Amino acid sequence: MEHLRCVVERITYQNPQNGYSVIKCRAKGFQELVTVVGEMPDVHVGSVLSLGGFWKVDAKYGRQFTVQTFEETLPATVYGMEKYLGSGLIKGIGPKYAQKIVRQFGKDTLDVIEKRPEELLKVPGIGSVRVERIKKSWQEQKEIRNIMVFLQGHDVSTSHATKIFKTYGNESIQIVQENPYRLADDIWGIGFRTADTIAEKMGFDHEKYVRLRSGILYTLNKLSEDGHCYAERDQLIQKGTELLSVEEGLLQMTLDEMIRQKDVITEALPVQGRESPAETLPETPSPDPELTALSMTDPEQTAARAIYLPPFFFSEMGTARRLRALMDGPGGPVMDTAGLAERISRRTGMVYDEIQMQAILQAVRSKILILTGGPGTGKTTTTLGIITAFRETGAKILLAAPTGRAAKRLSESTGMEAKTIHRLLETKPPEGYQRNEDNPLQGDVLIVDECSMIDIMLMYNLLKAMPDSMRLILVGDVDQLPSVGPGNVLRDMIESGCFPVIRLTRIFRQARESRIILNAHRINAGKMPDLSNGRYTDFFFMQQENPEAALTTIVDLVRSKLSSYYKVPSVEIQVLTPMQRGVIGAANLNQALQEAINPGSTGLKRSGYLYRAGDKVMQIRNNYDKEVFNGDIGFIESIDMEEKTLTVIFDGRSVDYDATELDELVLAYATTIHKAQGAEFPIVVMPVMMNHFVMLQRNLIYTGVTRAKRILVLVGTRKALAYAVQHMTVDQRNTLLRERLQRLLQGTGEE
């Protein structure tokens, strides 16, 4: 193995998934910059690297140094010190102050910062506040470097080391040595695979209980990311065995111990599966006596067992129980419906058809009502009629939606305040939801829009905060994609047959003028959309066979053609795509669109992405401290290169991010259709090609089409579109909510 010590001058490429990087470095003995390639996650410009590897000559790119080992060290030269400090690694020092400090202290610079930081006051422009900031940041970096020396020997990236330090502080090394699998439990962004790699490097026993336990939890969590509330025991053992490469019997024993320890909850599945409205008896006793009343059939009469993570089990059980309590609770003032249709039409200035008026009358008679229908069928108009009807009784009405954009749209259409569900429940970290069974919502009626997006845990927390006397109106399009989180709440509630459901099907005259709406309904009915284009249409199709050519077309449409013709800023045009990966996947599209719409070299780099002022970004996890949630879209307002922070504007509200928090953000010029649920955009561009065939399903394309408010452009092939339209598979998720509801509301609710 050869060795190379160098200073990072430029980062040409970095893959956020695996850390593979192409960097340009200045190295002693080389006049030109040296190209270095290999897995080097989160190296910074100015970093001093000690590399182990070998030289090779690439036919296309020439001579390169291929990295096998790397270690980040402190610079020894004045030039290296300036680059290192100017990288923004130390808060309070950017390129300008780095130059001043190095000019003042030369080769003693790092010694001054380490041992005599008060001398920094000699540098023009540096005051006592900045000195304190530099001291604190230097100490943190020093601790991180100590941890890195330990962790890099176990293939841990810089970004993960920083998270480990922020979570455990000076106990980091001790905790990792004792049980590296704690990382997967405690730290967002560090999963089982990373922890397993560390454990393997440390010589952990392959069959150790903590490893097998963590692998089972990881498998359950991965299944929940696909929408499942539980895994069948056989399914879990099979996937766990594949992941962990251990004997099945060993995993069976581990799972039995986890059940005994209540790490997971198991219950028997009915023989007939989802065709039978039976319930199962949990092996793990529930702390709530009412929950145990939801138990299903005798375990000996069943063919399979479900394994739940506790939060999903209690959310599913609790959702059924709370819906029963709402149905049984007092109903509030009884309304005289005589002449109601005329009064509502007079007040709203709208004429309602028979089904819409049926929905309004049903709402005032019911404790729970589900209103569903596609675009242009009058869900908003009907919701306004329901609100008007309840206002006649003097009822206090609350409005909510799962996302900020959906809540804003509901507010604009009704003229009333609408909140996100998280804000309605007054989320306050770390305590959680302030509105709950002990501090319920104050109101008579709760109307929730975009309900297809609500997962089982959010639904349970919402229902817990509702007093039994409150009425619940759920509005949504059941034919859209189900929630990103686990569960299939709206569909399960409808299919249970336990609640009145009004389905709006008539497309109103004004909506019939939109080919977006007409084609959405054609797609939903399994028919090919009208692709005839035309000057005055709002639905366009551009034939493109080649993914690279499609990428060029999409970038051109967003950057100039659509933007200039429709007078809409490029950043307001949304690209939606079926998948994250590939040439026309969200990740690659974002890189291309960022360069086309918001080019530049200044910004904060994290996990292979460069974040610039003006960039469109999306939050990808719920952050209750910042009050931003998975799927929220904002724009980077400003970047502080010295502090390594940036500010994002979400719906007019400023939110600050530290550089170590940037893995919570992704560029959002393009996003997956799943992530766009509940959102609406003036112009949508959507690739539909056969290289995404595994994701091409009718409800996916239908959801994407219905996100466009003004203009939709499909780029791809008729074959791919036809495949998607014909491929109708209702998302079969492992959930027993339907059966629990049928048992509780159609039966006695008791064993």
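Predicted, not measured: the structure shown is a model, and the values here were computed from it.
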For the residue pair [X] and [Y], establish whether any side-chain heavy-atom pair is separated by less than 4.5 Å.
X    : Y    : value
L183 : V176 : yes
I190 : I164 : yes
N598 : Y669 : yes
L646 : Y611 : yes
L120 : F105 : yes

*Do the ring planes of W55 and F65 sit parallel (below 30°), tilted (30 to 60°) or perpendicular (above 60°)?*
perpendicular
Any salt bridge linking [X] with [Y]? Criterion: basic side-chain nitrogen under 4.0 Å from a carboxylate oxygen.
X    : Y    : answer
R116 : D111 : yes
D196 : R211 : yes
E225 : K222 : yes

_As a quick check of understanding, evaluate side-chain hydrogen bond (donor to acceptor under 3.5 Å, both in side chains) for D658 and T645, giving each step before the final call._
CA-CA 5 Å; D658 183 84; T645 60; over 6 Å; no
*State, to 0.1 Å, how close Q594 and L610 come at their nearest heavy-atom pair, and which atoms those are.*
NE2-O, 2.7 Å
*Could you give me the CA-CA distance, side-chain angles and deciding distance for Q591 and E595, then say whether side-chain hydrogen bond (donor to acceptor under 3.5 Å, both in side chains) is met?*
CA-CA 6 Å; Q591 298 282 1; E595 288 306 312; over 6 Å; no
*Are K626 and Y657 in a cation-pi setup, meaning NZ or CZ lies under 6.0 angstrom from the ring centre and within 45 degrees of the ring axis?*
yes
